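As the structure is a computational prediction, the values presented were derived from the model and not from experiment. Numbering of residues begins at 1 and proceeds along the displayed sequence.
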Amino acid sequence: MSIRSALILSRRPATAFVVVGVFWGCFAAYVPVIKAQLGASDALFGTVLLGSATGLVSAMWLAPKLDRWLGSRSMQAAIAALAFAWLLPAHITHPLVFAASMALVGLASGLLDVVMNARVSELEAAHKRPLMNANHAMFSVAYACAAVIVGFTREAGMPPAPVFASFGLFALCLIPFVRMDVTYVAAEEGYKGRYPLWPILLCGGIVLIAFMSEATVEAWSALHVERTLGGGAAEGALGPAMLGLTMAFGRFAGQAVAERLREVNVVVCASILSASGAVIAALAPTPVWAYAGFGILGLGVSVIGPMGLALVGKLVPPHLRTEAISRTAVIGFSGFFFAPTLMGLMSQAFGLRVAFLFVAVLLLTTLPLAVLVSRQKAHNAGVVAVRG
């Protein structure tokens with residue numbers, strides 16, 4: 001299946017991935033400005049970003065209920081909420097108020113994340129084709145483009161508020177294109193299977209590590225280039241842009257790889273590659289070496305998260321797919337908010353170089369989780385064969 005046909009088939013959720021990508025790409029490139037605007041230390045800035053996790057945890061419980069209530073308009077409502085939520089943080093100068101505004105961003109982003117990933121998984125099941133990597137690639141493309149645009153706006157001296165407002169207007173214009181009919185799957189008559197807790201926890205752990213690593217580069221790469229390596233504003237914005245570009249390439253490539261190789265094998269190889277990129281970024285003597293490290297990290301980590309979400313959709317009964325992806329997605333996407341906090345504390349204590357070395361160690365912890373997921377797949381296959 002070609003990348004083009006995969007995107008045509010999943011064009012509605014792919015549009016939602018673009019919306020999420022442009023906002024987080026804009027935020028990542030504006031981190032040095034927003035941090036200075038708050039007058040926060042590394043540790044405090046990382047801590048206030050934890051406010052987003054509060055909203056994300058709420059999304060875990062609300063998303064399945066709102067999805068059933070709103071049905072085909074779920075992605076539309078979530079995009080509108082996200083566009084308006086992002087208007088708040090850019091104006092705020094008090095850390096506590098900023099944390100509260102990021103909680104609203106986390107809630108809106110979490111709702112959209114859950115729904116759009118569930119829609120992709122539903123399309124994968126209906127058409128029996130992998131689609132997750134292509135959709136996550138659209139997030140990365142949008143993220144990289146937004147970061148590059150912000151590099152120019154920062155060089156021109158533009159503050160964050162009008163740029164976020166412009167991206168918000170762009171997102172609202174895309175709302176008509178994401179309406180998608182939903183077919184809810186009822187439980188099989190007499191179904192007495194256990195709740196799929198282990199698949200959710202194992203796949204959620206893999207997605208969590210991938211997104212924590214991604215979030216680390218998103219939130220701190222510009223600061224690493226500008227502060228540790230002495231780069232300028234445009235050079236700093238190129239850090240997250242490099243991540244987005246290589247992740248887009250990796251995910252488009254992963255779309256083809258997913259049809260030929262086992263997901264678990266891809267996760268293992270990608271984890272080792274991305275860990276090596278984190279080491280290069282940590283030890284980089286110049287911005288160019290840092291870009292190379294971020295690029296290699298992005299290339300490897302790009303496929304880990306989508307593979308984890310695709311795996312859980314295959315490991316659970318069809319009628320529990322949306323709920324399972326909701327739980328897995330929120331476990332994973334919480335990494336976008338816990339990682340900056342952890343990185344802030346580590347950077348404050350040891351510096352950003354040590355913090356990026358920690359990311360390399362973190363990425364290698366996906367290896368035992370991948371082995372456990374492989375065993376879970378084998379167990380499920382055995383159960384199906386016995387029932388058959």
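A ring pair (Phe, Tyr, Trp, His ring centres under 6.0 Å) with Trp86 is found for one member of Phe170, Trp24, Phe167 and no other, namely Trp24. Screening Leu367, Ile304, Val373, Leu369 for a side-chain contact (heavy atoms from CB on, under 4.5 Å) with Val267, the sole residue that qualifies is Ile304.
In terms of heavy atoms, Asn135 sits closest to Pro13 at OD1-C, 3.7 Å. Contact detail for Arg12 and Val178: the closest heavy-atom pair is O-CG1, 3.6 Å. Tyr30 and Met158 get closest at one heavy-atom pair: OH-O, 2.9 Å. Across all non-hydrogen atoms, the minimal contact from Gly204 to Ile331 is O-CG2, 3.4 Å.
In this structure a side-chain-to-backbone donor-acceptor pair under 3.5 Å is missing from Asn133 to Phe252. In this structure, the side chain of Ser109 does not engage the main chain of Gly106 through any donor-acceptor pair within 3.5 Å. In this structure a side-chain-to-backbone donor-acceptor pair under 3.5 Å is missing from Arg119 to Met116. With Arg353 contributing its side chain and Ala282 its backbone, the two residues share a donor-acceptor pair below 3.5 Å. Not a single donor-acceptor pair under 3.5 Å links the side chain of Glu214 to the backbone N or O of Ser302. No side-chain donor-acceptor contact under 3.5 Å links Arg73 to the backbone of Met180. In this structure a side-chain-to-backbone donor-acceptor pair under 3.5 Å is missing from Thr228 to Val225. Using modelled atom types, no side-chain atom of Ser121 and backbone atom of Asn117 make a donor-acceptor pair closer than 3.5 Å.
Between Phe164 and Phe27, the ring planes lie tilted relative to each other; the angle falls in the 30° to 60° range. Between Phe294 and His224, the ring planes are perpendicular. Angles over 60° get that label, and only those under 30° would be called parallel.
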Where do Ser140 and Arg251 land on the side-chain hydrogen bond (donor to acceptor under 3.5 Å, both in side chains) test, with the steps shown first? CA-CA 8 Å; Ser140 299; Arg251 284 170 172 168; 2.8 Å; yes

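Rounding to the nearest 0.5 Å gives a distance of 10.0 Å between CD1 of Ile209 and OG of Ser274. Atoms OG1 and CG, from Thr246 and Leu297 in turn, are 8.0 Å apart once rounded to the nearest 0.5 Å.
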Using distance only, find each side-chain donor-acceptor pair of residues 88-97 under 3.5 Å and give its atom names and separation, not counting sequence neighbours.
unit_1: His91; atom_1: NE2; unit_2: Leu87; atom_2: O; d: 3.4
unit_1: His94; atom_1: ND1; unit_2: Leu96; atom_2: N; d: 3.2

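Between Lys35 and Glu226 no salt bridge is recorded (no basic side-chain N to carboxylate O distance below 4.0 Å).
Connectivity analysis of hydrophobic side chains (ILVMFWY, heavy atoms under 4.5 Å, direct or indirect) links Phe249 to Leu273, Ile280, Trp289, Ile296, Leu299.
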